There are 2 protein chains.
Amino acid sequence: MERMNSLQTLEPAVDASCCVPSERPALNAEEAQQKALIFKALADPNRLRLLSIVKAGESGGSCVCDLTEPLDLGQPTVSHHLKILVEAGLLHREKRGTWAYYSLIPGALDDVAGILATL
Amino acid sequence: MERMNSLQTLEPAVDASCCVPSERPALNAEEAQQKALIFKALADPNRLRLLSIVKAGESGGSCVCDLTEPLDLGQPTVSHHLKILVEAGLLHREKRGTWAYYSLIPGALDDVAGILATL
DNA sequence: CATCTATATCGATGATTGTCAATCTGCATG
DNA sequence: CATGCAGATTGACAATCATCGATATAGATG
């Protein structure tokens, strides 16, 4: 299970040869599952709020203690949601001393938008 | 429950007065729930494939019978997934004779991308 | 009207998920 | 080393969800 998605490598150069969009043959089961994982991560109100707060507080990242209160959720629950967002390739986690700081991975949300555009 | 989302009216002119992005105060619980509904609709591999197939077959829409086989799912299950996509404001359903034709709502996926961009 | 066909709805079931309380880990500081 | 604190992990439980088989609805056609 470790390190599930990377978003960066999700569309690994569809065609190494050359150009032409080459008749996209409609998502196969495997691709669909990959991409669904990312949308699953976004499919919870509290996780959307976490992303929103982390994005708004862009300046070294937000620590869990800052995120627990506004959501009115227990600390373990927030940790759990954050883990899902990290595994989806949307957030980055950095431990500094006792605290863990979470920050948006640059471009990650744009990549998701790209997935939608190329469905 | 009827007619849940419209996507078009989800961002109802954030600010009627004028300009300035006006310090977005991080998703509140209600907005988050609304938006999560849309991502929930996208958070299933088979629904992603349905969207993909419907999008690819843009020419009057795809009927359920065309969608059942490629997904290898029962007809009731496909109908169920399609309903969820319609309720999320992503697909349009049109009954012609005995058949039901589904088509992408123009701009709907772009609107979702917009939600991501303004998180 | 009887029948056929395409699709929708219903009821049940197994799987997944969100949440919490309890516990564990690891860093920091007295 | 003992204590305290931030955060992660675990185990349990209720709620939600995806799927299916059976059935219902509603056009079309004989």
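Keep in mind that this is a model prediction, so the values were computed, not measured. Protein chains get the first letters and strands the later ones, always in sequence-line order, with residue 1 at the start of each.
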- Side chain of A/Lys83: nearest nucleotide among D/dA8, D/dA6, D/dT9? D/dT9
- Are the side chain of A/Arg49 and the backbone of B/Glu31 linked by a donor-acceptor contact shorter than 3.5 Å? no
[X] [atom1] to [N] [atom2], straight-line distance once rounded to whole Å:
X        : N      : atom1 : atom2 : answer
B/Leu37  : D/dT16 : CG    : P     : 12 Å
B/Leu67  : D/dT19 : CG    : C1'   : 17 Å
A/Tyr101 : D/dA8  : OH    : P     : 13 Å
A/Phe39  : D/dC17 : CZ    : P     : 18 Å
B/Glu94  : C/dA6  : CD    : C1'   : 16 Å
B/Asp66  : C/dA6  : CG    : P     : 11 Å

- To the nearest 0.5 Å, tell me how far A/Leu119 CG sits from B/Leu50 CG. 11.0 Å
- Measuring from B/Leu104:CG to B/His92:NE2, what's the distance to the nearest 0.5 Å? 12.0 Å
- Sequence neighbours excluded - salt bridge (charged side-chain N to carboxylate O under 4.0 Å, His left out) pairs with any residue from residues 93-102 of chain B: B/Glu94-B/Arg96
- Does the side chain of B/Arg93 get closer than 4.0 angstrom to OP1 or OP2 of C/dT7 through an N or O atom? no
- Message: Using OP1 and OP2 only, check whether a side-chain N or O of B/Tyr102 sits under 4.0 Å from C/dA8.
- Response: yes
- Could you tell me whether the side chain of A/Ile115 reaches within less than 4.5 Å of the side chain of A/Phe39, counting heavy atoms only? yes
- Heavy atoms under 4.0 Å is the rule here; annotate nucleotides 17-30 of chain C 5' to 3' with B where the base is hit, S where only the sugar-phosphate is, and - elsewhere. SSBBBB---BSS--
- Query: How close do B/Ser62 and B/Ile53 get, heavy atom to heavy atom, and via which atoms?
  - Reply: OG-O, 4.3 Å
